[in-house]
Amino acid sequence: MINPQFDVQVQAIDPERALALRVQAPSSTVFTHPQVLAALSFRVQWWLAEHAGVAICIWPICVDSGGRTNLPGLSYYVGPLWLLAPEPSARRRLLLEVAVFQSMLSELRKHYGSFRFSLSPSIHDLRAFLWFQANGSAVSAKPRYTACISGLQRLSEAELLALFSYERRADARRTAARGVCLLQNCSFEQIDSLYARLMDERGVTGIYMQRRAELLALWDLVKRGFGYVVACGNSSDDQLRAVWLVLCENDRACGVIAAAEPAWRAQQNNAWVCWQALIAAKRRGADVYDFNGANSLARGSDKHSYGAEAALYFDLELSDQ
């Protein structure tokens with residue numbers, strides 16, 4: 001039940017105001033930048049909660065072309081952003097969070113019915129969400145894991161490589177000795193072709209056209225300064241053999257796309273590509289590299305072999321019980 005001690009007002013706001021307020025949110029990532037969400041979604045509606053005239057929380061809701069709420073593909077941590085410094089009193093902090101989050105859930109339920117959202121890896125207290133009950137609706141949570149390397153700014157390029165397992169370090173050194181190189185230029189058509197081959201190899205060609213639109217949006221975001229591409233090939237030609245597409249803002253770089261030719265992967269060249277992606281993140285000022293997802297043994301084992309540590313986050317859903 002919402003604590004009557006806090007009179008919380010919830011209203012829709014425009015993206016420009018959300019952008020101005022978002023700088024106060026320590027848990028924000030590049031995926032909740034209004035311009036990034038607008039590029040990845042058909043439509044985004046931003047909501048604001050205030051108490052006593054003070055902005056406390058903003059929350060983006062993404063809607064697809066059919067009018068359904070739907071988190072954009074190839075995105076993470078799209079959900080509420082708390083704007084205030086933590087309350088010094090644990091009790092008051094809990095009461096305020098319950099009042100704000102449950103007021104927002106009540107308002108959003110009126111407009112959208114059921115919907116899904118996520119929290120950043122820095123938010124683990126779910127009680128305000130899990131205690132929500134409204135006319136048969138409730139929030140459920142699913143634990144998820146990503147893998148992150150922290151402290152990039154204090155590590156040299158050699159120290160970044162030293163984080164890798166013995167096998168990955170050896171792979172990266174052998175790759176460097178083969179004469180591979182970073183490509184100074186690559187086109188969307190080259191990335192698209194490489195990604196299409198990856199989708200075909202995984203047997204998911206049916207979803208490729210949807211992913212292609214998302215890939216094009218990501219490419220456009222990189223061109224607008226929201227990230228970077230690590231494109232690799234052989235020094236003997238200018239053919240794209242492997243590519244990592246990374247979105248980056250403030251101190252966090254988020255790996256979104258990693259694709260490579262089968263022959264390239266078979267030669268264990270991807271460790272060198274990962275090293276280059278970490279170096280690029282460090283040079284852009286990021287202190288954390290987020291591999292974005294480690295929710296299977298194969299993915300977890302691979303990403304942890306580069307020195308990444310597990311980080312817990314949550315996917316949540318408001319639905320009828």
Side-chain angles (χ1 to χ4, degrees), residues 29-31 73-77 118 121 142-152 155 157-178 180 182 191 194-204 207-208 211 214-215 218 227-233 240-248 252-282 286-313 315:
T29 70
V30 67
F31 298 108
L74 303 175
S75 70
Y76 297 81
Y77 321 135
S118 294
K142 180 178 181 179
R144 304 285 287 170
Y145 287 89
T146 186
C148 300
I149 296 176
S150 301
L152 299 182
L155 298 172
E157 294 182 9
E159 288 171 330
L160 288 173
L161 183 60
L163 296 174
F164 291 19
S165 68
Y166 174 82
E167 293 83 1
R168 289 291 184 262
R169 291 198 304 273
D171 290 341
R173 290 179 177 128
R174 281 192 293 266
T175 297
R178 291 189 188 109
V180 301
L182 295 174
I191 296 176
L194 196 61
Y195 191 65
R197 291 181 62 182
L198 176 66
M199 294 290 99
D200 183 61
E201 181 185 352
R202 292 179 177 176
V204 290
I207 67 169
Y208 167 65
R211 284 289 178 90
E214 295 165 357
L215 182 62
L218 291 168
Y228 60 91
V229 166
V230 176
C232 302
L240 182 67
R241 309 295 182 185
V243 64
W244 284 30
L245 191 152
V246 182
L247 294 186
C248 188
R252 194 179 195 93
C254 298
V256 183
I257 294 289
E261 289 183 342
W264 176 280
R265 291 200 309 276
Q267 291 181 316
Q268 306 301 323
N269 290 328
N270 273 347
W272 185 82
V273 187
C274 178
W275 186 27
Q276 302 310 307
L278 295 176
I279 291 171
K282 173 183 168 65
D287 198 50
V288 176
Y289 188 92
D290 189 337
F291 284 86
N292 284 126
N295 290 292
S296 69
L297 179 58
R299 290 178 181 270
S301 175
D302 179 56
K303 294 171 182 181
H304 295 317
S305 72
Y306 300 121
E309 297 288 343
L312 173 67
Y313 70 97
D315 286 342

Colleague: Do Leu163 and Tyr306 have side chains that approach each other closer than 4.5 Å (heavy atoms only, starting at C-beta)?
Modeller: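 Side chain of Leu163 against side chain of Tyr306, heavy atoms only: no contact under 4.5 Å found.
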
Colleague: Which residues pass the side-chain contact (heavy atoms from CB on, under 4.5 Å) test with Ala308, not counting sequence neighbours?
Modeller: Ala147, Ile149, Phe291, His304

Colleague: Stepwise, does the side-chain contact (heavy atoms from CB on, under 4.5 Å) test hold for Leu160 with Trp275?
Modeller: CA-CA 7 Å; Leu160 288 173; Trp275 186 27; 4.2 Å; yes

Colleague: To the nearest 0.5 Å, how far apart are CG in Leu155 and CD1 in Ile279?
Modeller: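 Interatomic distance, Leu155 CG to Ile279 CD1, rounded to 0.5 Å: 11.5 Å.
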
Colleague: Can you name the residues that form a side chain to side chain donor-acceptor pair (under 3.5 Å) with Arg241, not counting sequence neighbours?
Modeller: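 Side chain to side chain donor-acceptor pair (under 3.5 Å) list for Arg241, sorted by chain: Asp237, Glu261.
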
Colleague: Can the ring centroids of Tyr313 and Tyr77 be said to lie less than 6.0 angstrom from one another?
Modeller: yes

Colleague: Under the criterion side-chain contact (heavy atoms from CB on, under 4.5 Å), which of Thr175, Leu182, Leu240 is the partner of Cys232?
Modeller: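 Per the side-chain contact (heavy atoms from CB on, under 4.5 Å) rule, the option paired with Cys232 is Leu182, out of Thr175, Leu182, Leu240.
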
Colleague: State which residues pass side chain to side chain donor-acceptor pair (under 3.5 Å) with Thr146; sequence neighbours excluded, sorted by chain then number.
Modeller: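 In terms of side chain to side chain donor-acceptor pair (under 3.5 Å), with neighbours along the sequence ignored, Thr146 is linked to Asp290.
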
Colleague: Shortest non-hydrogen contact from Leu161 to Ala172?
Modeller: CD1-CB, 3.8 Å

Colleague: Do you know the tightest heavy-atom contact between Ala286 and Cys248?
Modeller: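 Scanning both residues, the minimum pair turns out to be CB-SG, 4.1 Å.
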
Colleague: Give every residue pair that meets the salt bridge (charged side-chain N to carboxylate O under 4.0 Å, His left out) criterion with at least one member in residues 159-171, sequence neighbours excluded.
Modeller: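 Sorted result for residues 159-171: Arg168-Asp171, Arg168-Asp302, Asp171-Arg174.
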
Colleague: So, using salt bridge (Lys or Arg N to Asp or Glu O under 4.0 Å) as the criterion, who are the partners of Glu309 when residues are at least two apart?
Modeller: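 So Glu309 forms no salt bridge (Lys or Arg N to Asp or Glu O under 4.0 Å) with any residue.
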
Colleague: According to side-chain contact (heavy atoms from CB on, under 4.5 Å), who are the partners of Arg265, at least two apart in sequence or on a separate chain?
Modeller: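 side-chain contact (heavy atoms from CB on, under 4.5 Å) check on Arg265 returns Leu198, Glu201, Ala260, Pro262, Asn270.
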
Colleague: Where do Ala253 and Val246 come nearest, in terms of heavy atoms and distance?
Modeller: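 Answer, listing the atom of Ala253 first, then Val246: CB-CG1, 3.9 Å.
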
Colleague: Within the 4.5 Å heavy-atom criterion, are Cys254 and Phe31 side-chain neighbours or not?
Modeller: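 Result yes, sub-4.5 Å side-chain heavy-atom pair found.
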
Colleague: Between Phe164 and Leu278, does the side-chain contact (heavy atoms from CB on, under 4.5 Å) criterion hold? Intermediate values first, please.
Modeller: CA-CA 12 Å; Phe164 291 19; Leu278 295 176; 3.8 Å; yes

Colleague: Determine whether Val230 and Val243 make a side-chain contact, defined as any pair of heavy atoms from C-beta on separated by less than 4.5 Å.
Modeller: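 Contact flag for Val230/Val243 side chains = no.
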
Colleague: Under 4.5 Å between any side-chain heavy atoms of Leu312 and Pro143, yes or no?
Modeller: yes

Colleague: Using modelled atom types only, decide if a donor and an acceptor are shared between the side chain of Asp315 and the backbone of Lys142 within a distance under 3.5 Å.
Modeller: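 Looks like no, no N/O pair under 3.5 Å.
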
Colleague: Step by step, would you call Trp264 with Val180 a side-chain contact (heavy atoms from CB on, under 4.5 Å)?
Modeller: CA-CA 10 Å; Trp264 176 280; Val180 301; 3.8 Å; yes

Colleague: For Gln267, give me all partners under side chain to side chain donor-acceptor pair (under 3.5 Å), at least two apart in sequence or on another chain.
Modeller: Asn269

Colleague: Taking all atoms of both residues into account, what is the closest heavy-atom pair of Tyr145 and Ala310, and its distance?
Modeller: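 Closest approach of Tyr145 to Ala310: CD2-CB, 4.3 Å.
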
Colleague: Is there a side-chain contact (heavy atoms from CB on, under 4.5 Å) between Leu152 and Tyr289? Walk through the geometry before answering.
Modeller: CA-CA 8 Å; Leu152 299 182; Tyr289 188 92; 4.1 Å; yes

Colleague: Among residues at least two apart in sequence or on other chains, which ones pass side-chain contact (heavy atoms from CB on, under 4.5 Å) with Val288?
Modeller: Cys148, Ser150, Arg252

Colleague: Please check this pair: side chain of Lys282 against backbone of Glu157, looking for a donor-acceptor N/O pair closer than 3.5 Å.
Modeller: no

Colleague: Residues two or more places apart in sequence or in another chain: which of them pass side-chain contact (heavy atoms from CB on, under 4.5 Å) with Glu214?
Modeller: Leu74, Gln210, Arg211

Colleague: Compare all side-chain heavy atoms of Tyr76 with those of Thr29 and state whether any distance is below 4.5 angstrom.
Modeller: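 They are not in contact (no side-chain heavy atoms under 4.5 Å apart), so the answer is no.
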
Colleague: Could I get the full list of ring pair (Phe, Tyr, Trp, His ring centres under 6.0 Å) partners for Tyr195, not counting sequence neighbours?
Modeller: none

Colleague: Please name all residues satisfying side chain to side chain donor-acceptor pair (under 3.5 Å) with Tyr228, sequence neighbours left out, ordered by chain then number.
Modeller: none

